[in-house]
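Both backbone and side-chain heavy atoms feed into the values below; hydrogens, waters and symmetry mates do not.
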Amino acid sequence: MWYASTIFYGTIIDSTVKGLRIRQGNILIGDNTTCSQFFKEERFNGWVIGEIHIINNGLIANSRRDNFEQNEFYFQLTDKIKKCAVQITKELRRLSYDRSLSNEKKAIVEVETIDDINALCIEDMDFICESDEFTLMNLSDSKLEVENDFIDKLSIILNQKNKQTKYTAININDKLTIEQRKVLERVFDLICQEYNEKEAISFINTIANKF
């Protein structure tokens with residue numbers, strides 16, 4: 001397999017070269033969209049120029065030559081292509097983030113865990129309003145993709161932060177709604193005011209275990 005190292009600005013217009021293509025004995029199997037199914041986001045196959053050359057005789061092209069017979073070798077092949085597609089997508093996004101996102105936005109998009117979210121300081125949200133609907137409509141594929149990634153991740157972060165309280169017993173319970181969390185937080189605050197630390201922790205844990 002080979003694929004071109006490009007700047008990944010977006011969908012390649014020239015259909016004669018776009019997409020990963022599969023060849024066996026230099027005969028094209030399928031077309032430039034055949035490998036799209038192996039990408040989590042199918043359109044990303046259109047950002048790539050490359051080929052996969054089949055040298056395993058266990059892979060048998062069907063009569064239409066638009067795919068292979070579905071035997072064990074075929075499923076091994078699809079598994080390998082999916083793994084390659086994941087790596088290509090990661091490279092595509094990395095280049096797009098480096099090229100298009102500010103450091104603040106990039107930090108938000110790359111957040112993985114709740115601890116990472118808590119470590120972010122996003123109180124100053126001015127940079128979020130850099131783009132309006134009109135400017136988004138005129139962005140390149142690459143820039144629009146990363147802006148959408150940023151907006152999606154920001155929504156997740158803000159939702160997570162809305163769910164956070166000062167009490168771990170509440171935060172670890174994914175079944176609670178935001179309203180329930182706020183009520184319990186207020187109840188636990190009152191308990192902490194009225195009882196000593198040891199008694200308060202006991203009451204809090206007892207209440208939390210009931211939900």
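The cationic atom of R93 (NZ for Lys, CZ for Arg) does not lie both less than 6.0 Å from the six-membered ring centre of F44 and within 45° of the ring axis. Geometrically, K105 engages F150 in a cation-pi contact defined by less than 6.0 Å to the ring centre and at most 45° from the axis.
Note on ring orientation: taking the six-membered ring where Trp is involved, the planes of F68 and Y74 are tilted (angle from 30° to 60°).
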Quick one, R21 with E51, criterion salt bridge (Lys or Arg N to Asp or Glu O under 4.0 Å). Give me CA distance, side-chain angles, the key distance, then yes/no. CA-CA 5 Å; R21 297 157 192 262; E51 293 179 327; over 6 Å; no
Please lay out, stage by stage, how N171 and T165 fare under the test side-chain hydrogen bond (donor to acceptor under 3.5 Å, both in side chains). CA-CA 6 Å; N171 295 337; T165 71; 3.1 Å; yes
side-chain hydrogen bond (donor to acceptor under 3.5 Å, both in side chains) evaluation trace for N209 with N205: CA-CA 6 Å; N209 288 334; N205 289 335; over 6 Å; no
Please determine whether salt bridge (Lys or Arg N to Asp or Glu O under 4.0 Å) holds for the pair D98 and R94, giving the CA-CA distance in whole Å, both sets of side-chain angles, and the decisive distance to 0.1 Å. CA-CA 6 Å; D98 288 344; R94 179 185 62 78; 3.7 Å; yes
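For F75, the CZ atom counts as densely surrounded, since its 6.0 Å shell holds more than 12 non-hydrogen atoms of other residues, nucleotides or ligands. In the displayed structure, L190 atom CG is contacted under 6.0 Å by more than 12 heavy atoms of other residues, nucleotides or ligands. In Q193, the CD atom is crowded: over 12 heavy atoms of neighbouring residues, nucleotides or ligands sit closer than 6.0 Å.
In this structure, F188 has its ring center closer than 6.0 angstrom to the ring center of Y167.
Residues R99 and I7 form a side-chain contact, since some pair of their non-hydrogen atoms from C-beta on lies under 4.5 Å apart. Residues H53 and M1 form no side-chain contact, since every pair of their non-hydrogen atoms from C-beta on lies 4.5 Å or further apart.
Minimum interatomic distance between A169 and I204 (heavy atoms only, all atoms of both residues): CB-CG2, 4.3 Å. Of all the heavy atoms in R43 and E145, the pair that sits closest is NH2-OE1, 2.6 Å. Minimum heavy-atom separation, I22 to I54: CG2-CG1, 3.8 Å.
For N196, the side chain to side chain donor-acceptor pair (under 3.5 Å) partners are E199, not counting sequence neighbours.
In the model, N148 has no side-chain atom that pairs as donor or acceptor with a side-chain atom of D152 under 3.5 Å.
Clustering ILVMFWY residues whenever any of their side-chain heavy atoms sit less than 4.5 angstrom apart, transitively, puts I12 in a cluster other than the one holding L95.
With respect to the salt-bridge test (charged N to carboxylate O, under 4.0 angstrom), the residues D79 and K83 qualify.
The line from CD1 of I49 to OG of S5 is 11.0 Å long, rounded to the nearest 0.5 Å.
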